[in-house]
Chemist: 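My questions will all concern the structure given below.
Just so you know, ligand 1 is whichever comes first in the structure, and atom 1 is the first atom listed for that ligand.
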Amino acid sequence: MKHLSKLAFGQRKVILTLFIISLIIGGTIIGQAYFFVAIVDRIFLDQQSFLDIVPLLAGLLLVLAGRAGFTWLHGRTGVKMAARAKSHYRQAIIQKFSRNPIQASLKGQSGRKVSVLMDSVDEIDGYFSNYVPQMIQTAVIPLMILIVVFTQHIYSGLIMLITAPFIPFFMAIVGVMTKKKSEEQMEKLSAFSGKFLDTLQGLTTLKLFGRAQKQKDEIEKSSLGFRDATMGVLKVAFISSLMLEFISMLSIGLIALEIAIRLVVYESIPFFSAFFILVLAPEFYLTLKDFGSAFHTGRGSSGAANQLAEELNETESYVEWGEGKLSAGSKPPSLELDNVQFSYGKEEGLFALENIQATIPAYSQTAIVGRSGSGKSTLLHVVAGLIQPSEGRVKVNGEALSFYQEHEWFKEVSYISQHPYLFSGTIAENIAIGGRGSHSMNDIKAAAQRAGIAELIESLERGYDTPVGEAGRGLSGGEKQRLAIARAFLKRPSVILFDEPTTGLDLKTERILQESMKDLSKTSTVITVAHRLHTIKNADQILFLDQGNLAALGPHDVLMESHPEYREMVQLQQGGTPA
Ligand code: ADP
Ligand code: MG
């Protein structure tokens, strides 16, 4: 609970407010008991008339209203505090994911991440809206009641004082027992969410391999695991509330018995005091019991909080950004790879980029060439500023990428990856996210035209309003890439990073692609992971990667002459594809 309490007690003002409201609620509880007992005392014992007790009735009404009002205020303050805490956690997690988009999208299951972001954060609500406010009430109200009881009758006060600690003591035992259980429950929930989404996304693959039944069994196992963990937590919760009920009933009985004996047998206590204590005693234990259930809620939150802390604490290097402006000027920026190194982890044997050194002048076209798995896409990620090099840096106009503001850089870049993502929405909306602001339908159509996808879109029944993405129509890999290129046309970036499709394209598409890229490159610096001979030949320089190393750097003709490995690869890869 360390993280949570820091967050809660960091909000000093709120805590102080809760404390003061608790004091007032304590006062109304005592006042309510006092007026009630006084009314009964005067009517039945002193035989006073109704008119005499009207002021007392008014007082009772007032404290009743006050108690209701302040209890509501107390609850509201807690809920507000919870809302603040939750938004703090959600922001932290989203920030973490967005700071490190590649790692975030590769590591762990998406379902699990959604579950952490939504369910775990919701789970901590109880700590702030329930546990902390109740804890403060429990620290204040029973003490006030105890003092009042002591002024009336010492022995009843002593009984309360002795029995009260049993409740927190018992709760502590339960707490230790449930802590692991509730953590386990949260873990099971996210494991279940993870498995479920994973299966859903991979349904085609599973069907094709005849694994659907097995996966179904696994989901069943996972969901049963979650059920059992939940039932385990609930069992402990119910038993513990039963025990708390039992302890408080026993204690109230004890007090009643003691008072009755003194009142009836010894006649050593006035009726007023006896009745007053009898009305206050249940309130005393009620506050303690409420804390019991709040304590349980707090426990549940603590499991969730640990999971959040774990998610947030995972230290990864992420791309840092500065305050510099990237003056667009009339010229696209020049880039430099200055001893760039990157590895997917610290362990031995993991893929790593080593000492990549290259200068990429403004307007130039650079092709990254290499076998599959040689690190081409990884290098493009580094240049895009999506992952942080472990050593060295990417320089833009002579300054490290970390010098610039994040949006200044991304404003200038278009990255057309091999698998562009389509959001659920219409085709027009999907193209429009490429732009720098709002765009007219005509701009979008022009961009689609230049990307060579307009014809296809217009052939669809609903044209640009056709829904695509998760909830819509599918597009082929090549179509998606052309849509991504349309995004680039809308944006007109000054740096273009392009991961060319590896699969063979038909001649027409090939030509469209060439035309589009030629058009885009007129106003930008281009780096392409190249598979087509046309792109390779057109490039001003080739970065030839071999297992993460820069094996050669230079124009195509020169490398063909001087680098047998390069020549071999290009000839092999291209086979007989037309140039
Ligand atoms: P290319 O684009 O040249 O085919 P990539 O840059 O995609 O190659 O990948 C280079 C190497 O890095 C491959 O061996 C791949 O298995 C590895 N790799 C890619 N992504 C990760 C990752 N998230 N964690 C660990 N290794 C990875
Ligand atoms: Mg690749």
Chemist: Between Gln341 and Asn355, is any side-chain donor less than 3.5 angstrom from a side-chain acceptor?
Modeler: yes
Chemist: Report yes if Phe351 has an N/O atom closer than 3.5 Å to an N/O atom of ligand 1; otherwise report no.
Modeler: no
Chemist: Under the side-chain contact (heavy atoms from CB on, under 4.5 Å) rule, what do Asn397 and Tyr404 come out as? Steps first, then yes or no, please.
Modeler: CA-CA 11 Å; Asn397 285 343; Tyr404 299 104; 3.8 Å; yes
Chemist: Using the side-chain hydrogen bond (donor to acceptor under 3.5 Å, both in side chains) definition, which of the options Gln213, Lys214, Lys221 pairs with Asp217?
Modeler: Gln213
Chemist: I'd like the name of whichever of Val382, Leu545, Thr378 reaches closest to atom 6 (O) of ligand 1 through any heavy atom.
Modeler: Thr378
Chemist: Distance from Ile433 atom CD1 to Lys491 atom NZ, nearest 0.5 Å?
Modeler: 9.5 Å
Chemist: Does the side chain of Thr378 pick up a donor-acceptor pair with the side chain of Tyr344 at under 3.5 Å?
Modeler: yes
Chemist: So if I count the atoms of ligand 1 from 1 in the order they appear, which ones are less than 4.0 Å from some heavy atom of Ser372?
Modeler: 4 (O)
Chemist: Does any N, O or S atom in Ser377 come within less than 2.8 Å of the Mg ion (ligand 2)?
Modeler: yes
Chemist: Contact between ligand 1 and Gly375 is defined here as a heavy atom of the residue under 4.0 Å from a ligand atom; is it met?
Modeler: yes
